[in-house]
Amino acid sequence: MKKTFYITTPIYYINDKPHIGHAYTTVSADIFARYHRMMLGADNVHFLTGTDEHGNKIHQAAKKLDMEPQDFADRMSAVFSTTWDRLSISNNDFIRTTQPRHKEYVIDVLNRMKVAKTPKGNDVLFEGVYEGLYCTACEAFKTESELDEQGNCLDHRTKPEILKETNWFFRMSDYEDKLRELITRDHLLITPESRKNEVIGLLDSGLRDLAISRPSVTWGIPLPWDKDQTAYVWVDALSNYISALGGESSEMYKKFWPADVHLMSKDIVKFHTLIWPSILLSIGIPVPLRVISHGFMTVDGQKMSKTIGNVIDPNDLVDLFGTDATRYLLVSQFGFGTDGDISLDRFNEMYNARLAGGLGNLVSRVTSMVEKYFSGEVPSSNNGDDIFEVADSWKDYQAAIEGFRPDEALKAVWLLIDKANKYVDDQKPWALAKENPEALGNVLYNLLEAIRQIALMLLPFMPDTSKLIFEVLGLDFAKEEQRPLGDLVVWAGLPSGVIINKGTSLFPRLEIKSE
Ligand code: MSP
């Protein structure tokens with residue numbers, strides 16, 4: 001494993017408040033960041049998220065409310081960051097493209113591109129006329145082949161604008177060969193494989209030069225040498241991954257660049273694997289190591305849309321289920337790289353079955369019995385065997401999370417939870433209490449120890465719950481958290497004789513009526 005880990009989410013457009021699709025990416029990135037902090041130490045992990053605030057899409061949204069774009073951006077960006085706080089997102093930084101630190105870096109990048117030459121000896125930037133289509137909702141130039149039969153954008157089902165304007169162009173076509181080499185050799189790793197193949201397909205159909213400035217857009221960063229033109233919002237936005245580190249001369253850049261993971265969904269892989277690396281190549285910066293695309297989430301079988309009225313606000317889920325349950329429910333619904341559907345009914349069912357009935361029930365019944373039979377003192381154990389084969393669970397869990405499959409890591413944890421619950425049913429401690437008190441001590445010790453191991457595994461996923469379980473077990477969470485994972489996972493790490501603190505129920509059962 002590398003010694004440092006830098007993970008990013010997309011910076012989200014602020015024309016509207018966040019929905020659970022954005023939350024899915026951000027919670028997943030948070031899980032990976034927290035896991036890597038456990039492995040590498042907090043100082044060696046950097047987790048960045050933020051907001052994308054320039055361009056016509058945002059300008060129009062501000063105008064609709066009769067607001068100045070900056071005031072609108074301030075208000076909306078705060079909605080994103082407070083939502084992330086409510087979801088216990090542990091980002092180390094929050095970048096906004098309207099911040100001076102970002103704008104300065106973008107101007108530096110543009111100035112350097114302006115004087116640079118491509119590998120073929122051409123000027124990286126040149127003036128030209130763009131005649132074609134533009135979808136403001138995507139903030140992207142479109143070709144006919146990217147539209148449906150009615151001529152609408154495939155993602156937004158709206159008609160793109162017809163543009164004819166003089167722009168500065170980026171000679172991206174000169175980077176086609178280099179990009180193909182980086183991607184096919186996995187120096188820029190794209191996962192899942194299907195997404196990588198799509199990008200190679202795009203390269204095979206030929207990389208076109210890209211307009212990197214817009215004369216008709218005013219809300220953005222003006223080109224330093226041509227103030228009538230505004231930097232194309234994607235060139236502006238993609239630079240955030242380095243502007244946030246403080247630019248290339250910063251210590252943060254030296255420590256963390258190239259990024260280990262740019263996480264996103266399939267809608268914007270193309271921008272991150274073609275445009276972003278070409279920009280970096282043009283000014284001699286190493287490209288990111290990996291782009292991971294997760295699937296697209298639909299709600300009750302449909303794309304989330306205001307018109308359909310099925311947009312789910314993650315804050316509403318936190319109100320209903322609490323922070324950790326929302327995190328669990330979001331990532332456990334479907335395989336990470338594939339598209340998937342969610343429904344409030346299923347959230348409700350899974351909350352009751354897995355959280356209240358599975359994890360919550362295990363902790364509550366085991367701690368109740370320890371209180372009842374041992375006055376709350378962790379019994380001593382004389383067998384010391386890893387009877388649940390927790391070491392194997394760790395192997396599955398780590399392989400899944402290190403392979404960026406958080407849903408599978410959770411499955412490994414729940415197999416262990418189910419095993420422990422079954423062990424209670426099989427061993428019947430209430431019967432042992434009468435017949436065999438020594439065996440009862442062993443059984444309850446095994447269960448408490450399994451719960452400790454489960455709490456450790458849950459740390460990246462459900463940080464507050466994990467902490468709470470440590471406290472229930474009478475352990476000092478802050479102290480435990482500092483210990484290397486290798487020591488913590490050793491079976492029978494729970495000291496006997498400690499007094500547990502059986503608290504309130506972790507996940508009270510919910511009666512949620514669907515409308
Ligand atoms: N501002 C650009 C990104 C610039 S990054 C340099 C942008 N913003 S966005 O607000 O539209 O965010 C897109 C991302 O949000 C997706 O790639 C994905 O991470 C997340 N999702 C948005 N809707 C989603 C679903 N329905 N399902 C899963 N993820 C979703 O593009």
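All ligand and atom numbering here is 1-based and tracks the order in the structure. Scope of the values below: all heavy atoms of this structure, side chains included, with no hydrogens, waters or symmetry mates.
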inquiry  = Considering non-hydrogen atoms of the protein only, which is the closest contact for atom 19 (O) of ligand 1, and what is the distance?
reply    = Thr25 OG1, 2.7 Å
query = Aromatic ring centroids of Phe404 and Phe32 under 6.0 Å?
reply = yes
Where ligand 1 meets Tyr12 - atom numbers and elements under 4.0 angstrom, heavy-atom basis = 8 (N), 10 (O), 12 (O), 15 (O)
ask   = Among protein heavy atoms, which sits nearest to atom 16 (C) of ligand 1, and what does the distance come to when rounded to 0.1 Å?
value = Asp267 OD1, 3.3 Å
message = If you take the nearest heavy atom of each of Lys303, Met297, His294, which one is closest to atom 26 (N) of ligand 1?
response = Met297
query = Where's the contact between Phe271 and ligand 1, heavy-atom distance under 4.0 Å: side chain, backbone, both or neither?
reply = neither
Centroid separation Tyr24 to Phe334 less than 6.0 Å = yes
query = Which residue and non-hydrogen atom of the protein lie closest to atom 11 (O) of ligand 1, and at what distance in Å?
reply = Tyr13 CD1, 3.5 Å
Ligand 1-proximal atoms of Thr298, by part, heavy-atom distance under 4.0 Å = neither
Shortest protein contact, atom 23 (N) of ligand 1 (heavy atom only) = His19 CE1, 3.2 Å
Phe141-Trp234 aromatic ring centre distance below 6.0 Å = no
ask   = Quick one: does ligand 1 sit under 4.0 Å from the side chain of His272, the backbone, both or neither, non-hydrogen atoms only?
value = side chain
request  = Check for a donor-acceptor pair, side chain of Asp148 on one end and backbone N or O of Leu154 on the other, with a separation under 3.5 Å.
outcome  = no
Cation-aromatic face contact Arg37/Phe47, 6.0 Å, 45 degrees = no
key: Residue Ala237 vicinity, atoms of ligand 1 by number, heavy atom under 4.0 Å   = 6 (C)
